[in-house]
Number of protein chains: 2
Amino acid sequence: MSKQVLPIVDADAACCAPLACEPLSESEAAELAPLFKAIADPVRLRLLSLIACHEGGETCVCDLTAAFDLTPPTISHHLKVLKQAGLIDSERRGTWVYYWINPAVLARMSALIGPASPALAGTG
Amino acid sequence: MSKQVLPIVDADAACCAPLACEPLSESEAAELAPLFKAIADPVRLRLLSLIACHEGGETCVCDLTAAFDLTPPTISHHLKVLKQAGLIDSERRGTWVYYWINPAVLARMSALIGPASPALAGTG
DNA sequence: CTTCTAATTTGACACAGGTCTAGGCAAGGG
DNA sequence: CCCTTGCCTAGACCTGTGTCAAATTAGAAG
């Protein structure tokens, strides 16, 4: 059942190591790429956005499915991808399943590509 | 020959509209997803990193090729993907071709997923 | 002009990934 | 108990993509 994969990159270690400080190692790149791949899809990007701005911070799958011209299995597939990447988490309450954002992983990704270094800020 | 595609999203309009302010529209998601797809690959992530932290802010292709166990055509392919997404730009000087980062697009992407809103900061 | 090196383009291949239909499992109501 | 609703899984299909070998273009040097 819960085939939940732990977030590949722990966000605590992401204080100040953006893309341009020093070259990414092969293994670092291999860990980070799947995170970006998870959001590199229009449907998943919108799903993430819908969940993130929903009041209460969590959203029922039924609300998400209704926002797309896609079948429920397809939405379920995309939610699974996001969850396995560690970007969202979920819980069943009665008949419905609710999803919410894991902000730490998003923040880690943002910091990596963010303009936090001379090279990326264009002064290099 | 320069089939350079202009950056899909103009970074100037990216002051304060992260993922969680309001749901992404279908067209916004369709424009943004290719940007993340461009960096959703270990090789391209490392390429971007190598270019970003290279002294002078630009890197010769020969230096990039030497950093991977991949053939030159493959590196060239990945550079093309990054360039068409607007993340990097290039220029030929004599025998060699140099690449550099376009920091505005990276910054735009970072801001989108960054912890700039209550919902993503975990207070929602 | 010829030759050498640097980088890209082309074509082919195998694998990954998005979508659907069909089927299965859980929870609630007769 | 059976039936309905909500969600997920399994399998199939087709497209997209990463990789390489071979061929091509661009510039520099003899």
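A, B, ... follow the sequence lines: proteins, then strands. Residue 1 opens every chain.
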Can you tell me how far [atom2] of [N] sits from [atom1] of [X], to the nearest Å?
{"X": "B:Asp41", "N": "C:dG17", "atom1": "CG", "atom2": "P", "result": "11 Å"}
{"X": "B:Lys83", "N": "C:dA7", "atom1": "NZ", "atom2": "P", "result": "14 Å"}
{"X": "A:His77", "N": "C:dT21", "atom1": "NE2", "atom2": "P", "result": "16 Å"}
{"X": "B:Leu79", "N": "D:dT17", "atom1": "CG", "atom2": "P", "result": "17 Å"}
{"X": "A:Leu47", "N": "D:dC7", "atom1": "CG", "atom2": "C1'", "result": "14 Å"}
{"X": "A:Asp63", "N": "D:dG6", "atom1": "CG", "atom2": "C1'", "result": "12 Å"}
{"X": "B:Leu82", "N": "C:dT8", "atom1": "CG", "atom2": "C1'", "result": "15 Å"}
{"X": "B:Leu64", "N": "C:dT8", "atom1": "CG", "atom2": "C1'", "result": "14 Å"}

Establish, with yes or no, whether the OP1 or OP2 oxygen of [N] is under 4.0 angstrom from a side-chain nitrogen or oxygen of [X].
{"X": "A:Ser76", "N": "D:dC8", "result": "yes"}
{"X": "A:Tyr98", "N": "D:dG6", "result": "no"}
{"X": "A:Arg44", "N": "C:dG18", "result": "yes"}
{"X": "A:His78", "N": "C:dT19", "result": "yes"}
{"X": "B:Lys37", "N": "D:dG16", "result": "no"}

All N/O donor-acceptor pairs, side-chain side in residues 75-82 of chain B, below 3.5 Å, sequence neighbours left out:
{"residue": "B:His78", "atom": "ND1", "partner": "B:Arg44", "partner atom": "NH1", "Å": "3.1"}

### Query
Any donor-acceptor pair under 3.5 Å linking the side chain of B:Asn102 with the backbone of B:Ile88?
no
### Message
Donor-acceptor pair, distance only, cut-off 3.5 Å: does the side chain of A:Thr65 make one with the backbone of A:Pro72?
### Response
no
### Sole candidate of A:Val97, A:Leu47, A:Leu50, A:Ile51 that passes side chain to side chain contact (heavy atoms under 4.5 Å, CB included) when paired with A:Thr59
A:Ile51
Minimum-distance nucleotide (side-chain atoms of [X] versus [options]):
{"X": "A:Trp96", "options": "D:dG6, C:dG18, D:dC8", "value": "D:dG6"}
{"X": "A:Val97", "options": "C:dA6, D:dC7, D:dT19", "value": "D:dC7"}
{"X": "B:Thr95", "options": "C:dA27, D:dC8, D:dA28", "value": "D:dA28"}

### Task
Calculate, to the nearest 0.5 Å, the distance between atoms SG and OH belonging to A:Cys60 and A:Tyr98 respectively.
5.0 Å
### Task
Heavy atoms only: give me the nearest A:Ser25-B:Arg46 pair and the separation to one decimal.
O-CD, 3.9 Å
### Query
Nearest nucleotide by nearest heavy atom, which residue falls closer to the 5' end of DNA chain C, A:Gly94 or B:Lys80?
B:Lys80
### Query
Which is it for B:Leu35 and A:Phe36 under the side chain to side chain contact (heavy atoms under 4.5 Å, CB included) test, yes or no, and what are the steps along the way?
CA-CA 10 Å; B:Leu35 296 181; A:Phe36 288 103; over 6 Å; no
### Message
Within the 4.0 Å heavy-atom criterion, would you say A:Tyr99 contacts the bases, only the backbone, or no part of the nucleic acid?
### Response
sugar-phosphate
Every protein N/O lying under 3.5 Å from an N/O of nucleotides 20-24 of chain D:
{"residue": "D:dC20", "atom": "OP2", "partner": "B:Thr71", "partner atom": "N", "Å": "3.1"}
{"residue": "D:dC20", "atom": "OP2", "partner": "B:Thr71", "partner atom": "OG1", "Å": "3.1"}
{"residue": "D:dC20", "atom": "OP2", "partner": "B:Thr74", "partner atom": "OG1", "Å": "2.8"}

### Query
Taking it one step at a time, do B:Trp96 and B:Val61 satisfy side chain to side chain contact (heavy atoms under 4.5 Å, CB included)?
CA-CA 7 Å; B:Trp96 296 278; B:Val61 174; over 6 Å; no
